[in-house]
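Since we're looking at a predicted model, the values are computed, not measured. Below, each value reflects all heavy atoms present in this structure, side chains not excepted, and no hydrogens, waters or symmetry copies.
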Amino acid sequence: MLFSSVRPTTTRRSPVLTLAFFFATPLVAQGTLYRIDSLPTDAAQTAPSNGIGDIDADGFPDFAIGLARANDFDGMLELRSGRTGAVLGRLHGDPGAAGSFGASMGGIGDVDGDGHDDFLVGMPRQPSPFIHADRVGAARLFSGRDLRPIVSFYGDGHGDLFGAAVAGLGDVNGDGIPDLGIGAPENGDPVGNYGTGYARIYSGADFRSLRRIPGQAVGDEFGSSLAGVGDLDGDGSDEFMVGSLLEYRNGGQGSARLYAGRTFTVRHAWFAEPGTDHFGVSIGRAGDIDGDGIDDLLVGAIGMTSPIRGAIWFYSGLDGSLVQLIRGDATSGVFGLGCAAAGDVDQDGFGDVFVTDPMDSSAGAMTGALHLYSGRNGRRVWTIHGPNAGSMCGRQFGVVGDLDGDGLPECLVSVPMVARPTGHAARVDVVSTSGPVSTVGRGCATTQPPRLDATSPTLGATLTAMVSSRPVPSPGILLLGPVPDLPTPWVADCTLYVDLGSASVVSAFVTDRAGRHVAGLPIPGNAALVGARFSMQALIVATAGYQLYDVSNGVYATIVR
């Protein structure tokens with residue numbers, strides 16, 4: 001029994017010794033909430049991941065990892081809980097279709113009104129049951145409640161690669177129900193031709209096609225990227241963006257267009273600067289970069305075939321004018337392959353952004369990187385690198401909603417070539433933008449779940465951990481350990497955010513009559529500990545119900561100066 005050796009007193013073991021023990025070896029990169037490393041390399045090297053909304057209706061946004069190469073390219077999608085990182089289910093592509101099911105995915109919102117968010121999955125190589133053609137492509141809408149398909153959409157013809165990009169676009173027609181977009185960048189015959197491309201916009205109410213938007217010319221790859229950006233002009237219908245990777249204009253390749261909802265007219269069109277290519281590879285909402293109260297927009301260009309470094313352009317959501325430009329440096333490779341709004345991480349009143357570069361070599365050849373940049377001044381706030389040369393951190397990238405309660409979204413970043421003793425294995429990290437302390441999960445109890453909070457763990461100072469529970473004096477313990485790769489389901493609906501096998505009791509206590517306990521944990525003054533992370537969780541003996549223990553939320557903390 002866990003409490004068998006714990007006396008209900010206010011004495012505690014030396015936290016300085018405990019912390020020094022845990023920090024004797026390097027811990028995980030700063031900000032990682034979950035680490036999913038059980039992915040097959042061959043199926044996951046290009047695995048996209050993205051938020052899909054709250055499909056299990058537990059109050060936490062969930063996410064999916066696509067394995068389009070699995071089962072001879074039939075494909076598979078792994079659905080994960082945002083609350084615990086656990087597998088919620090697995091969906092498979094049609095057997096023998098080689099449709100690359102899971103090549104793209106996106107949350108749509110609750111289109112059927114059952115309280116669970118629904119999601120869309122692309123399969124760009126899927127054959128069509130309506131025409132005899134190869135790689136027509138398809139996308140399938142699934143119910144979040146029971147994971148059953150609601151409806152399937154198919155491309156128009158041979159080699160369209162319909163479903164290469166999918167996105168929830170918000171309510172573009174103003175009927176109160178979220179709508180969706182699907183891109184077909186090839187639209188080519190023969191297969192493999194760089195086609196004109198097109199995007200289809202569908203109603204979430206009845207799934208009819210609202211508009212087919214074509215590219216401008218053969219080779220444009222229109223529909224390579226799609227993004228909903230919200231109602232920027234306040235007319236009651238949401239706007240959306242479409243990227244066209246290879247549209248040639250004025251010596252540059254690529255474009256991005258902002259479309260008005262309801263009318264589907266082009267509000268703004270932006271084109272690559274001379275010598276730049278793949279402009280529009282990443283598009284979306286950037287948050288309020290210029291401080292005018294209206295969200296701005298971002299467009300990435302990777303410079304795949306150009307000596308000009310990749311960059312991110314920020315455009316005003318009000319008038320489409322250029323607000324700011326952030327360009328990769330001498331060590332970057334494909335800077336801007338992925339980018340997305342991160343919220344106001346540094347609390348300066350301006351939106352910040354994530355940027356990925358899987359070919360970044362600043363920490364070793366092709367190590368890759370996930371960057372966070374300030375929207376106010378374009379300066380880099382922090383960078384997370386891959387663990388080894390060739391690991392290509394950031395090869396795929398997506399955003400999930402707020403998982404740790406700090407009001408900021410978390411991001412999903414793939415590390416497809418992680419070195420291991422037995423070779424390579426792919427993984428996906430869920431990275432938090434929060435500061436030194438973040439909370440995870442809710443805790444569990446038959447009556448009132450305990451709440452655990454903590455002050456910032458500052459080098460050479462004392463961290464204060466605060467437990468609040470039901471107003472009955474109760475014995476409990478505070479556990480401390482390394483941040484686990486994934487939380488562990490325990491009894492009933494309880495989840496452990498510490499590893500019991502390596503955790504240590506740093507405080508054994510009895511709550512006061514108000515159900516509170518405060519513990520001080522001195523942080524060692526060793527400068528080598530800056531950036532080290534640890535987890536904490538409180539367990540309190542239950543006085544009612546079927547559970548032996550009430551369990552708090554988890555706290556993940558990073559030591560700072």
Side-chain angles (χ1 to χ4, degrees), residues 106 108-109 120 153 155-156 160 162 164-185 187 195-250 252-272 279-286 288-290 292-300 313-323:
I108 304 301
L120 190 62
F153 308 94
D156 295 343
D160 282 4
F162 184 80
V166 301
L169 302 183
D171 182 13
V172 301
N173 60 357
D175 66 355
I177 298 175
D179 305 308
L180 52 121
I182 305 171
N187 183 212
T196 305
Y198 62 92
R200 278 199 182 275
I201 314 303
Y202 292 91
S203 165
D206 54 17
F207 311 125
R208 64 185 175 89
S209 176
L210 297 175
R211 188 64 58 96
R212 182 188 189 274
I213 306 174
Q216 301 297 304
V218 172
D220 282 359
E221 297 279 284
F222 184 86
S224 298
S225 53
L226 294 166
V229 297
D231 183 8
L232 301 177
D233 57 7
D235 68 349
S237 59
D238 290 333
E239 281 80 64
F240 61 95
M241 295 176 70
V242 182
S244 187
L245 290 187
L246 300 180
E247 181 176 354
Y248 188 81
R249 183 82 62 98
N250 301 324
Q253 284 185 314
S255 69
R257 288 175 172 84
L258 174 68
Y259 289 86
R262 204 186 305 266
T263 64
F264 301 102
T265 55
V266 177
R267 285 192 55 199
H268 299 291
W270 302 282
F271 300 95
F279 180 88
V281 67
S282 51
I283 56 176
R285 185 163 52 182
D288 185 9
I289 298 298
D290 54 11
D292 65 357
I294 298 175
D295 278 350
D296 304 306
L297 308 170
L298 53 79
V299 181
W313 284 260
F314 299 90
Y315 297 100
S316 167
L318 178 64
D319 59 19
S321 61
L322 180 64
V323 174

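Met241 CE to Leu169 CG: the interatomic distance, rounded to the nearest 0.5 Å, is 12.0 Å. Atom-to-atom distance recorded for Ser203:OG and Leu180:CG is 8.0 Å, nearest 0.5 angstrom. Separation of atoms OG1 (Thr265) and CG (Leu258) is listed at 9.0 Å; rounding is to 0.5 Å. Note: Leu120 CG to Ile108 CD1 = 4.5 Å, rounded to the nearest 0.5 Å. Note that CG of Asp296 and CG of Asp288 are 5.5 Å apart. Values are rounded to the nearest 0.5 Å.
Closest non-hydrogen pair, Leu246 versus Gly219, comes out as CB-O, 3.2 Å. In terms of heavy atoms, Ala227 sits closest to Gly284 at CB-CA, 3.9 Å. The shortest heavy-atom contact between Ala165 and Gly223 is CB-O, 3.6 Å. Residues Pro185 and Glu221 come closest through the heavy atom pair O-OE2, 3.1 Å. Considering all non-hydrogen atoms of both residues, Val323 and Ser316 come closest at CG2-N, 3.5 Å.
With sequence neighbours excluded, no residue satisfies side-chain hydrogen bond (donor to acceptor under 3.5 Å, both in side chains) with Arg285. Not counting sequence neighbours, the partners of Tyr315 by the side chain to side chain contact (heavy atoms under 4.5 Å, CB included) test are Trp270, Phe279, Val299, Trp313, Leu322. In terms of the side chain to side chain contact (heavy atoms under 4.5 Å, CB included) criterion, residue partners of Ser225 (sequence neighbours excluded) are, by chain and number, Ile283. With sequence neighbours left out, Asp319 forms a salt bridge (charged side-chain N to carboxylate O under 4.0 Å, His left out) with no residue at all. With sequence neighbours excluded, the residues that form a side chain to side chain contact (heavy atoms under 4.5 Å, CB included) with Arg262 are Ser237. Take Ala184 and apply the side chain to side chain contact (heavy atoms under 4.5 Å, CB included) test, not counting sequence neighbours, and it matches Asp160, Phe162, Tyr198.
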Taking it one step at a time, do Phe271 and Asn250 satisfy side-chain contact (heavy atoms from CB on, under 4.5 Å)?
CA-CA 8 Å; Phe271 300 95; Asn250 301 324; 5.6 Å; no
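For the ring pair (Phe, Tyr, Trp, His ring centres under 6.0 Å) condition, the pairs that include at least one residue of residues 217-242, sequence neighbours left out, are Phe240-Tyr259. Annotation: salt bridge (charged side-chain N to carboxylate O under 4.0 Å, His left out) contacts involving residues 175-185, sequence neighbours excluded, are absent. Each salt bridge (charged side-chain N to carboxylate O under 4.0 Å, His left out) pair with one or both residues in residues 234-245, not counting sequence neighbours, appears once here: Glu239-Arg267. The ring pair (Phe, Tyr, Trp, His ring centres under 6.0 Å) analysis of residues 201-221, with sequence neighbours excluded, yields the pairs Phe153-Tyr202. Here side-chain hydrogen bond (donor to acceptor under 3.5 Å, both in side chains) pairs that include residues 207-217, with residues two or more places apart or in two chains, are Asp156-Arg212, Arg200-Ser209, Asp206-Arg208.
A donor-acceptor contact shorter than 3.5 Å links the side chain of Asp231 to the backbone of Gly236.
Taking 4.5 Å as the limit, every side-chain heavy atom of Asp290 sits out of range of all side-chain heavy atoms of Leu318.
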